[in-house]
Protein chains: 2
Amino acid sequence: MPTMSDVAAEAGVSVMTVSNVLNDRPKVGAATKLRVLDAVERLGYEINLTARGLRSGRTGTIGLIVPRFDHPYFGELAAKLAVALAATGRHLSVEQSNASPESEREALSQARLATYDAVLLSVVGLHYDDVDRLRTSKPVVLLGEQQMPPRFDHLQLDNETGAYLATRHLIEGGARKLLMIGGGDEGFPSMSTMRTVGFERALREAGLQGSVRPIIRYEPADARVAVAERLRQDPGVDGVFAITDQVGIGVLAGVRDAGLRVRDDVQVVGFDNLAFGEHIDDGLSTIDPSHDWVVSRVVELIDRRIAGEQLPPQHLTSPATLVVRGSTRLPG
Amino acid sequence: MPTMSDVAAEAGVSVMTVSNVLNDRPKVGAATKLRVLDAVERLGYEINLTARGLRSGRTGTIGLIVPRFDHPYFGELAAKLAVALAATGRHLSVEQSNASPESEREALSQARLATYDAVLLSVVGLHYDDVDRLRTSKPVVLLGEQQMPPRFDHLQLDNETGAYLATRHLIEGGARKLLMIGGGDEGFPSMSTMRTVGFERALREAGLQGSVRPIIRYEPADARVAVAERLRQDPGVDGVFAITDQVGIGVLAGVRDAGLRVRDDVQVVGFDNLAFGEHIDDGLSTIDPSHDWVVSRVVELIDRRIAGEQLPPQHLTSPATLVVRGSTRLPG
DNA sequence: GTGAAAGCGCTAACAC
DNA sequence: GTGTTAGCGCTTTCAC
């Protein structure tokens, strides 16, 4: 592999001039620039990013750490982030934290975080203390619904409003006996707790009772079993709020398993607006988490942090909006 | 951030001894080792992976380059790969190539490939020439269905057999007028070409005619429109082979859009065995691509390549097996 | 078993 | 505009 010195020798200039050309630094003569680029071409030279990173302290790469690669929520977010970051000349690299306890520790180690210019950390599944232990000189932006140490920038959804809108929509469509799958008060402000608060607020406003069925994993299979079981015990249920669309897909299946019709017998709303929701049955109504909004804010924020701007930790909440599809009735 | 010299000073040893301890090199005295680890602890030292990488040429990280983060096929594969690599002490970093033409060029640049110990390149959407241009000193393993330069290691599915099994299963369930959505002969051995060959072989064996409806993007929305349109033109169709499960989800919706019942009127089989297929409708029958087999082979292969073993380029084909769910009938 | 010297390939800082 | 010097933090090599 040729190095910068090889290019310098080939072009008859110093390595600094080569570096200046390759980094588009302004103070290079046009003729020199051409000679350098020519030499680069002839030798097939490409820069050594590791060496650049060691010397300059910058890598041009942003890290995104997600719990799992195979959850569509992160896939969809990551895809949008990658596009937005590419537009500002940065590069996104995604790691999975939850492969094993060791790999989680490793993914969150200062050593690995330091290989990025900034780190976006999806904190699903991480606890306050895991995150509070983080020591890094690089900017860290937290994404997710847990309560987290306030010294970090943190973006989250408006979980409570989203759950409220979903539940009110079920009620406006005529549901009178509601069930939330995947909810429960965890005793601290988690995603589950906050969505449950929104669910219960909408019930209270309407003067209705509802029930909450927690599940351990937000997986379709678990939700499917849970909802079918509950519908058999409690046949009057006519509206289900699924804590996520993944859970929602299981709820749709569980409603069928119980011998009931989605929408006509039991309305269903999810949360996340995953792409596949549009095509399941007659469409799964859901809450859109405004990924584009989140992505724009994140990109702005890391730009400013990487530029070294000092601003207090940002705690931002993205809007949640209702998306109506065939699993619910319109009001009236 | 403390460096290795700081640790050496703190422990009263040389940097080399610190390095030897941290890398578990055998020739360190037990007492010295303790003193070093103690100093590491006290200073909160963590190694600088960039410096290590520059000097040693190894990073401990494997790169996986996929076209899109938001396609569940890659998410599911990446999740399994991450777990398998973690077990051998390596680390997986995933990049998206198709965010834009520039980001694709960048993701495939020698410069970026060189930051990994080995690169797994998912070649969906890349052409022979894109890949043939790759120059890198690091091992590259290709994953995907295109025909590719034989100098690379390459793992692919048994597309033809998979498509054949899917189609034969439709026929055994009673389908007599078959349609393939997303097929077509592209004139070279692509995924589409090979799956179409398998489809047509099964038809020929059964003495049946079938038709093939190409689509541009393998997206549910496109497939949905295509299949509904075709079913209206051609009402006798009673079996659809969808080129992927993503397409299959659109086919299920399109069958309903056309006023027909999945399975009773139109049997449907997909390909990929994505996780969500189990819970859509009564389940989407599909072809399983043996991700676990692929993952094992890939991990073995890169272990040997990274160890510097010289072996001819490996071209491996993973088995394809049928998974029967509610979108098709069992024979008889 | 431990340490000294050299250098991986680049860029920051500054001299000219 | 261009070149020189120094050094980022580590590992390789080799001496003891």
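Keep in mind that this is a model prediction, so the values were computed, not measured. In what follows, chains carry the letters A, B, and so on, assigned in the order in which the sequence lines appear, proteins first and then strands, with residues in each chain numbered from 1.
Each of B:Val28 and B:Leu54 lies near DNA chain C, and the nucleotide nearest B:Val28 is the one positioned closer to the 5' end.
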Below 3.5 Å between N/O atoms, which protein atoms pair up with nucleotides 3-7 of chain C? Just atom names and distances, please.
residue, atom, partner, partner atom, Å
C:dG3, OP2, B:Ser14, N, 2.9
C:dG3, OP2, B:Ser14, OG, 3.1
C:dG3, OP2, B:Thr17, OG1, 2.6
C:dG7, N2, B:Arg55, NH1, 3.2
C:dG7, N3, B:Arg55, NH1, 3.2

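Scanning residues 42-51 of chain A for heavy-atom distances under 4.0 Å to DNA chain C yields A:Tyr45, A:Ile47, A:Asn48, A:Ala51.
Annotation: the span from B:Leu126 atom CG to B:Leu142 atom CG amounts to 9.0 Å, rounded to 0.5 Å. Considering OG1 of A:Thr136 and CG of A:Leu121, their distance stands at 11.0 Å, rounded to 0.5 Å.
Of the charged side-chain nitrogens involved, none lies within less than 4.0 Å of a carboxylate oxygen, so that B:Arg305 and B:Asp117 do not count as a salt-bridged pair. Between B:Asp70 and A:Lys80 there is no salt bridge, since no side-chain nitrogen of the basic residue lies less than 4.0 Å from a carboxylate oxygen of the acidic one. A salt bridge is defined here as a Lys NZ or Arg NE, NH1 or NH2 lying under 4.0 Å from an Asp or Glu carboxylate O, and B:Asp6 with B:Arg42 fails to meet this definition.
Sequence neighbours left out, not one pair with a member in residues 125-155 of chain A passes ring pair (Phe, Tyr, Trp, His ring centres under 6.0 Å).
If you take CG of A:Leu22 and P of C:dC10, they are 9 Å apart, rounded to a whole angstrom.
Scanning all heavy atoms of the two residues, the minimum distance from A:Gly144 to A:Val123 falls at CA-CG2, 3.9 Å.
Close approach of DNA chain D to chain A, defined as any atom under 4.0 Å from a non-hydrogen atom of the protein, starts and stops at D:dG1 to D:dG9.
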Exercise. Starting from the C-alpha separation in whole Å, work towards a yes-or-no answer on side-chain contact (heavy atoms from CB on, under 4.5 Å) for A:Arg112 and B:Thr61.
Key: CA-CA 10 Å; A:Arg112 204 159 280 286; B:Thr61 300; 3.2 Å; yes
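The closest side-chain heavy-atom distance from B:Val40 to B:Val21 is not below 4.5 Å.
In the helix from C:dG1-D:dC16 to C:dC16-D:dG1, the rotation axis of the first five pairs and that of the last five pairs differ in direction by 30°, rounded to 10 degrees.
Within the structure, every side-chain polar atom (N or O) of A:Arg25 is placed at least 4.0 Å from both OP1 and OP2 of C:dA13. Dashed line: the shortest gap from a side-chain N or O of A:Ser19 to OP1 or OP2 of C:dC10 is not under 4.0 Å.
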Kindly list each side-chain donor-acceptor pair under 3.5 angstrom involving residues 293-302 of chain A, sequence neighbours excluded, with atom names and distances?
residue, atom, partner, partner atom, Å
A:Ser296, OG, A:Asp292, O, 2.9
A:Arg297, NH2, A:Glu300, OE2, 2.8

